[in-house]
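See structure below.
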There are 2 protein chains.
Amino acid sequence: MPRKSYHHGDLKNALIQAGIQILAKEGVAGLSLRKVAGKAGVSHAAPYAHFTDKQALIAAISTEGYRRLYERIEDIIRQYADDPSKQLIETAWTYVDFALTDPAHFKITFSGVIEQEKEHPTFVEMSQKSFDSVVRIVEACQAQGVLEAGPSDLVAVSVWSQVHGFASLVLEGQVSHNLLDRMSLREMLIFSLNQITKVAIA
Amino acid sequence: MPRKSYHHGDLKNALIQAGIQILAKEGVAGLSLRKVAGKAGVSHAAPYAHFTDKQALIAAISTEGYRRLYERIEDIIRQYADDPSKQLIETAWTYVDFALTDPAHFKITFSGVIEQEKEHPTFVEMSQKSFDSVVRIVEACQAQGVLEAGPSDLVAVSVWSQVHGFASLVLEGQVSHNLLDRMSLREMLIFSLNQITKVAIA
DNA sequence: CGGAAATCTTGACGCCGTCAAGATGTTGTC
DNA sequence: GACAACATCTTGACGGCGTCAAGATTTCCG
């Protein structure tokens, strides 16, 4: 889409969105600043008015990924306000669903492509908020005896590890065809979650 | 190290080792075919006699990472032949230890940097062998009532997810300082494993 | 021994991230 | 309303990158 004026108006967000689209179409390897600029209809060096370097754009795209996840988690918490088990399952599934729906965006967000995360405070903040949401779900589950008692942040790390690991394994194709023929990914995920819960959930 | 003859002799392995060293020193972003070639003392296009493209070299480096893990797992199985719980813990820890000791090599091996894995059969074979080792440990644990009964490959996916996820979270810095001050990573890992075992292990 | 095959070098191409210099538009101040 | 300061964007350049083609060198095998 061409722009009317010399100035774009909202180039920063346009670059982030263009980046997400390129990730979806061409994967992590296909993401270049020049292509992102081209897609947004500006010259190849224009992004440097908004991002100090490529890592900064990647950090912004990652932050957007975390924001997307965070908002879905908050929706789920609201939707199943009185059912912590359901919150746990649906949050886990939304995580896996993100990985399947937008693999490259998921990878760049959650697979440590960002090198110096400390230099990107909004990224750290967004990931912290997401983790805090999980802690809240864990605490609700503990209150109902669904999850083992103990420090909620520690249990949350276990749960998050389980789900993150499962999503990663699926993306890497490490889940065998043999297994995939027998049951769906959602069933496998729920099975895995039931390994760490005190009582069965579904 | 200079070489005596026009032909290198074992350039293929030299390139893989050079790649692993560069990963250790400069991270994933610093890995280029030209630097690898330079480190091995050959011209910039020499690698193309042994690898079809950069992805093929990355696949070889990843395969080497899986081989390293596989050999350690087999050592652990032998060392604790009559103690499945110990096998489980030490295998999990060797996985996390790999991530901490050589983060870039770990990432490139286990974090889906390889795009078209089907085109690299030795990589697939090595990852399959590693997974099979885990399945054997799981079955031994199930026989002793340490892990829940059920399809061993399915339970193995749960265990592997847990450990892989934990290692990834640690690498990404998602484990809070607050938590790290209270206990060691090994303690956290053992806590997580105990979430999925029927009886306490240590 | 001689030619085929494997291995390595050289040189080139286009794409990339990044920087410097300058053009263009916007905003705040008197 | 003019104009200076500023933010934004363009143009052009640089070295490094992955990759390919052509040719040089060495090894292998009939």
Side-chain angles (χ1 to χ4, degrees), chain A residues 1-23 25-62 104 108 113-117 119-120, chain B residues 1-23 25-62 104 108 113-117 119-120:
Chain A
M1 54 178 111
R3 64 188 197 280
K4 36 225 166 231
S5 63
Y6 186 85
H7 282 190
H8 182 285
D10 192 19
L11 181 56
K12 185 166 186 175
N13 277 311
L15 291 170
I16 293 172
Q17 295 309 319
I20 291 174
Q21 287 178 36
I22 289 176
L23 279 176
K25 253 181 247 167
E26 310 183 39
V28 177
L31 183 72
S32 78
L33 270 181
R34 294 172 102 106
K35 255 190 280 194
V36 169
K39 187 145 198 156
V42 295
S43 73
H44 66 264
Y48 284 88
H50 303 276
F51 300 102
T52 63
D53 55 14
K54 191 186 180 182
Q55 275 290 311
L57 173 61
I58 290 177
I61 292 173
S62 300
I108 224 169
V113 180
I114 295 190
E115 302 286 340
Q116 287 300 99
E117 55 192 30
E119 295 169 15
H120 306 287
Chain B
M1 54 179 111
R3 67 186 196 279
K4 40 234 164 222
S5 62
Y6 186 87
H7 281 189
H8 181 285
D10 192 19
L11 183 57
K12 186 165 185 174
N13 278 311
L15 291 169
I16 293 172
Q17 296 307 320
I20 292 174
Q21 285 178 36
I22 289 176
L23 278 176
K25 253 180 245 165
E26 310 183 38
V28 177
L31 183 72
S32 77
L33 269 182
R34 293 173 102 107
K35 256 190 279 194
V36 168
K39 187 148 199 154
V42 294
S43 73
H44 66 263
Y48 285 87
H50 303 277
F51 300 101
T52 62
D53 56 14
K54 190 185 181 184
Q55 274 291 310
L57 172 61
I58 290 177
I61 292 174
S62 300
I108 224 169
V113 178
I114 296 191
E115 301 285 340
Q116 286 300 99
E117 54 193 29
E119 294 170 14
H120 306 287

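The shown structure was predicted, so the numbers you read here are calculated from the model rather than taken from an experiment. Reminder, nothing fancy here: chain letters follow the sequence lines and each chain counts from 1.
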>> Which nucleotide wins on minimum distance to the side chain of A:Ala49, given the candidates C:dC8, C:dG17, D:dT8?
In response: D:dT8
> Taking CD from A:Glu26 and C1' from C:dC15, how many angstroms apart are they, rounded to a whole number?
Replying inline: 13 Å
> Where along residues 11-19 of chain B does a heavy atom come under 4.0 Å from DNA chain D, residue by residue in number order?
Replying inline: none
> Distance from B:Leu57 atom CG to B:Thr52 atom OG1, nearest 0.5 Å?
Replying inline: 10.0 Å
>> Just verifying a value: how many Å separate A:Leu15 CG and A:Ile20 CD1, rounded to the nearest 0.5 Å?
In response: 11.5 Å
> Minimum heavy-atom separation for B:Tyr48 to B:Asp53, with atom names?
Replying inline: CE2-CA, 4.2 Å
> For A:Lys54 and C:dT18, what is the distance between atoms NZ and P respectively, to the nearest whole Å?
Replying inline: 8 Å
>> Starting the side chain at C-beta, find the nucleotide from D:dT19, D:dT8, C:dG17 nearest to B:Asp53.
In response: D:dT19
Using a 3.5 Å cut-off and no angle test, enumerate the donor-acceptor pairs between side-chain atoms of residues 26-37 of chain B and protein atoms at least two apart in sequence or in another chain.
| from | atom 1 | to | atom 2 | distance (Å) |
| --- | --- | --- | --- | --- |
| B:Glu26 | OE1 | B:Lys35 | NZ | 2.7 |
| B:Ser32 | OG | B:Lys35 | N | 3.1 |
| B:Lys35 | NZ | B:Gly30 | O | 3.0 |

> What residue pairs, at least two apart or across chains, pass side-chain hydrogen bond (donor to acceptor under 3.5 Å, both in side chains) with a residue in residues 12-21 of chain B?
Replying inline: B:Asp10-B:Asn13
> Roughly how far apart are A:Leu23 CG and A:Ile61 CD1, rounded to 0.5 Å?
Replying inline: 5.5 Å
> Can you tell me how far P of C:dC16 sits from NZ of A:Lys39, to the nearest Å?
Replying inline: 14 Å
> Which residues within residues 30-37 of chain B lie with some heavy atom under 4.0 Å of an atom in DNA chain D?
Replying inline: B:Ser32, B:Leu33, B:Arg34, B:Lys35
>> So which atom in A:Phe51 and which in A:Ala60 form the shortest heavy-atom distance, rounded to 0.1 Å?
In response: CE2-CB, 3.7 Å
> Contact class for B:His44 vs. all strands (heavy atom < 4.0 Å): base, sugar-phosphate, or nothing?
Replying inline: base
> Nearest heavy-atom pair of A:Ala56 and A:His120: which atoms, and what distance?
Replying inline: CA-CE1, 3.7 Å
>> What is the separation between atom CD1 on B:Ile22 and atom C1' on D:dC17, rounded to the nearest whole Å?
In response: 13 Å
>> Can you tell me which nucleotide in D:dT10, C:dC8, C:dG11 comes closest to the side chain of A:Ala45?
In response: D:dT10
> In whole angstrom, what separates B:Phe51's CZ from C:dA6's C1'?
Replying inline: 15 Å
>> Checking A:Ala46 now: which residues fulfil side-chain contact (heavy atoms from CB on, under 4.5 Å) with it, not counting sequence neighbours?
In response: A:Leu11, A:Val42, A:Ser43
>> How many whole angstroms separate atom OH of A:Tyr48 from atom P of D:dG12?
In response: 18 Å
